[in-house]
> 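Take this structure, written in structure tokens, and hold onto it; I'll ask about it next.
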Number of protein chains: 4
Amino acid sequence: MKFTNRQLDIIQAATKLIGEKGIQNLTTKNLAAEIGFSEAALYRHFKNKNVIISSILEYYKDEIKDVMFGIIQDSTTGILKLEKIIEFLFNRFSSNPAIIMIVFAETSFQNDIQLSEQVHSILKQKKMVFEQVILKGQNDGSIRMDIQKEQLATIFMGSLRLTVLRWRLSNMNFDLNKEGDILWSALAKVFIK
Amino acid sequence: MKFTNRQLDIIQAATKLIGEKGIQNLTTKNLAAEIGFSEAALYRHFKNKNVIISSILEYYKDEIKDVMFGIIQDSTTGILKLEKIIEFLFNRFSSNPAIIMIVFAETSFQNDIQLSEQVHSILKQKKMVFEQVILKGQNDGSIRMDIQKEQLATIFMGSLRLTVLRWRLSNMNFDLNKEGDILWSALAKVFIK
Amino acid sequence: MKFTNRQLDIIQAATKLIGEKGIQNLTTKNLAAEIGFSEAALYRHFKNKNVIISSILEYYKDEIKDVMFGIIQDSTTGILKLEKIIEFLFNRFSSNPAIIMIVFAETSFQNDIQLSEQVHSILKQKKMVFEQVILKGQNDGSIRMDIQKEQLATIFMGSLRLTVLRWRLSNMNFDLNKEGDILWSALAKVFIK
Amino acid sequence: MKFTNRQLDIIQAATKLIGEKGIQNLTTKNLAAEIGFSEAALYRHFKNKNVIISSILEYYKDEIKDVMFGIIQDSTTGILKLEKIIEFLFNRFSSNPAIIMIVFAETSFQNDIQLSEQVHSILKQKKMVFEQVILKGQNDGSIRMDIQKEQLATIFMGSLRLTVLRWRLSNMNFDLNKEGDILWSALAKVFIK
DNA sequence: TATGAATGAGGCTTCATTCAT
DNA sequence: AATGAATGAAGCCTCATTCAT
């Protein structure tokens, strides 16, 4: 196990707080109150607040990575993998909106060099995964080859992110899964050879 | 004029601070120090800090809007308009990276309802502009019609945003304009009928 | 003239501010806004804020003193003088409630030794006036002699002050003049021989 | 217990500060210094400064109420109750002058609607207690009946308050208990049938 | 493991006042 | 006579963190 139960409690509570009002809402006071114990107790489980944030990032990175690798291995063609991934992600965000602000948190941690680098590294890693999937798709003939995998990955991730962001900003007042379907039917036309 | 000179000084200094380390770096103390006067002096020019942030958002909204409308009217086909816009934006961000964190600041203001709505409204407005441009492109035959303008706008804005974000996170260690060209050649293939 | 016109404007505006929300509401900013000019302008007319407060105290001391001396000389018996005075005062407070907080401001200026002494001196002076009136009443046979003038003055002033205070605290939601009449009919029974 | 020990420390220190120089002297900085810990520590014991003030008011309201009810039940006739009460109050103020500014603080909180109402409500409650005592005195024949209990209460409380106020303004340079006796002998003559 | 108490640093804001124009 | 700009001091409050119990 990477985290103790108590640490998982904290990660979950922190996710909720960030999901509600952004990182500025993640104070030790709010966090302790959300969990239902004292602020001091937090320091039994994590060295400091930055380690908590860092752990949150790791936690969701792993969680999403695991599912994505499952999808990648199960699906046959590259284009199908992308379809399954987008389906999973929109579903995940839809059922747990709080994690959106963490998964797309790149701009939130400029403050702190170490967190900023961690966040950048996670983004690069995700991009590489998508590029590999797209490359396979180009090789298996399901994805067009006249556009480089890097640009297709940018288009895929970028439009996905923006759609999810709009959903958050609208206070989730449209059906994200439906919007995801519509986006995918557009992306599919764009990606197919 | 919408703002006094001193207000423009403050907006510029605030932009710099946010550009460097995010909104958490925009404190009254840092801001006053950046401008070179006392914290109290800020309050002669703006009612409070939220009004400063709000003004920054308005300022860059207007600035970018003006140029975009110029481009929209000058260029002939829809696809050319998009090309000019992307060129302008990458150039703008490249020459003044600080504004990136403001123009893409949507996640930064969840804290504050009013700012959050302002930021959402700006995003919606931008999306509509892109949709109109795309619609014209579809009517003039320069842009494909088998994908709805809304989805094309999402693809356009999303991939543009993600590219710029990666540049920031990489500490601007690649040539944003060149990357913009590459992205555009991909998008062009995607958009053309 | 003791004060210039501009100084009288300032005294009047300050009275209004204090009347509305107490001395804590008398800030240079509020005062300037109330008058309709700049804060800096205040310093053309008064050396500083304490001098303004001091002037307010003097102004109303004089104003009330003048009327009271008129009453004292006009009326015949001591008891009639008291009646006229109480009538005048309740009428004055009723028509201009703002001055109540100034005329009864003794607890407001503890902060500042000089103002505190000024306020004490005004109170002592008022008390002496009432004692003289009562003494005359005792001599002319209209006021009982078995209680010392000092105690009768305390009873008179004290009950008057408390009645007016209650009126202010109730947001002036009863008829002060009527309540003054009722109080006076009680006091008259108490004072008469 | 209504308050923790630390809260009582804070109430006591605040009382002292207000007693010395009025509410304007009750700043978080002064208060923390008086107690001997940091400003931040205050906020572990009270939510904010207004709650501190509110607590002070409650504390002394209760304290005085308890004693007064004891007196009311012990004494026989109405007039005797009044005598005991005045004796107790002058003694209390004499031995702890700081609380005077709190018990007579009605004009100090106009600034704040909630405090202002609290202070008004306390005053009304006290008035009612005195009116009840007086009513009993009128029924048991010890207090005159030709003046309404409301007016007698005003006379009683008003003259008491003014006497105490004069003592404070004079920097306590006369013997308050002795002055209380003198006042009472006057009031007794006034109240007795 | 947990907490109550405490704190230094810093947050935003208002205060009365000054000064050049 | 008046003002716009500025300021040092101070206001209230929250932050992340520590430590003794």
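Computed from a prediction, not measured in an experiment: that's the story for all the values here. Proteins come first, then strands; the chains are lettered A, B, ... in the order of their sequence lines, and each starts at number 1.
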> Calculate the interatomic distance between A/K47 atom NZ and F/dT18 atom C1'; express it in whole Å.
13 Å

> Which listed nucleotide (F/dC12, F/dC19, F/dG8) is nearest to the side chain of A/A40?
F/dC19

> Going by heavy atoms in the side chains, are B/F3 and B/I10 under 4.5 Å from each other?
no

> Using side-chain heavy atoms (C-beta onward) and a distance below 4.5 Å, is C/Q7 in contact with C/S55?
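The answer is no, as the side chains (C-beta and beyond) never meet within the 4.5 Å cut-off.
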
> With both distances under 3.5 Å as the test, what is the Watson-Crick or G-U wobble partner of E/dT21?
F/dA2

> Would you say A/H45 places a side-chain N or O within less than 4.0 Å of OP1 or OP2 belonging to E/dA2?
yes

> Rounding to an integer number of Å, can you tell me how far D/L42 CG sits from E/dG8 P?
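In whole Å, E/dG8 P and D/L42 CG are 13 Å from each other.
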
> If you find the nucleotide of DNA chain E closest to B/N50 and the one closest to D/G36, which residue's nucleotide is nearer the 5' end?
D/G36

> Between B/Q7 (CD) and F/dG4 (P), how many Å, whole number?
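Roughly 14 Å, once rounded to whole Å.
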
> Looking only at the side chain of D/K49 (C-beta and beyond, no hydrogens), which of the listed nucleotides F/dC12, F/dA16, E/dC12 gets closest?
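From the listed options, F/dC12 comes nearest.
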
> Round to the nearest Å and state the distance from B/E39 atom CD to F/dC12 atom C1'.
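Spelled out: CD on B/E39 to C1' on F/dC12 is 14 Å.
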
> Between B/Y43 and E/dT13, is there a side-chain N or O to OP1/OP2 distance below 4.0 Å?
yes

> Please classify the nucleic acid contact of D/T27 as base, sugar-phosphate, or nothing, using heavy-atom distances under 4.0 Å.
sugar-phosphate

> To the side chain of C/R44, which of F/dA1, E/dT1, F/dC12 is closest?
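Minimum distance to the C/R44 side chain belongs to F/dA1.
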
> Which nucleotide, if any, forms a Watson-Crick or G-U wobble pair with E/dA16, using both distances under 3.5 Å?
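Answer to the pairing question: F/dT7, which forms a Watson-Crick or G-U pair with E/dA16.
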
> May I ask you to test the C/Y60-C/T15 pair for a side-chain heavy-atom distance under 4.5 Å?
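SC-SC contact between C/Y60 and C/T15 confirmed.
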
> Could you state the atom-to-atom distance from CG of B/N111 to C1' of F/dC15 in whole Å?
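The answer, rounded to whole Å, is 14 Å.
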
> Measure the distance from CD on B/Q24 to P on E/dG10 and round it to the nearest whole Å.
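Atom CD in B/Q24 sits about 15 Å away from atom P in E/dG10.
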
> With a 4.5 Å heavy-atom cut-off, do D/L57 and D/F109 have their side chains touching?
yes

> Using whole Å, report how far CG of D/N48 lies from C1' of E/dT13.
16 Å

> Side-chain contact test, heavy atoms from C-beta onward, threshold under 4.5 Å: evaluate it for B/F104 versus A/T107 and give yes or no.
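A side-chain contact under 4.5 Å is absent here.
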
> Checking all strands, does A/L31 fall into the base, sugar-phosphate, or nothing category for heavy-atom contacts under 4.0 angstrom?
nothing

> Nearest-nucleotide wise, let me know which of B/A41 and D/K29 is further upstream toward the 5' end of DNA chain F.
B/A41

> Which comes earlier along DNA chain F counting from the 5' end, the contact point of C/F37 or that of D/L26, where each point is its nearest nucleotide?
C/F37

> Side-chain contact, heavy-atom cut-off 4.5 Å: A/I35 with A/R6?
yes

> Quick one: D/I52 CD1 to F/dC12 P, roughly how many Å, whole number?
9 Å

> Looking only at side-chain atoms of A/T28, point me to the closest of E/dA6, F/dC12, F/dA16.
F/dA16

> Would you say D/R6 places a side-chain N or O within less than 4.0 Å of OP1 or OP2 belonging to E/dA6?
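Answer yes for this pair, as a side-chain N or O of D/R6 is under 4.0 Å from OP1 or OP2.
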
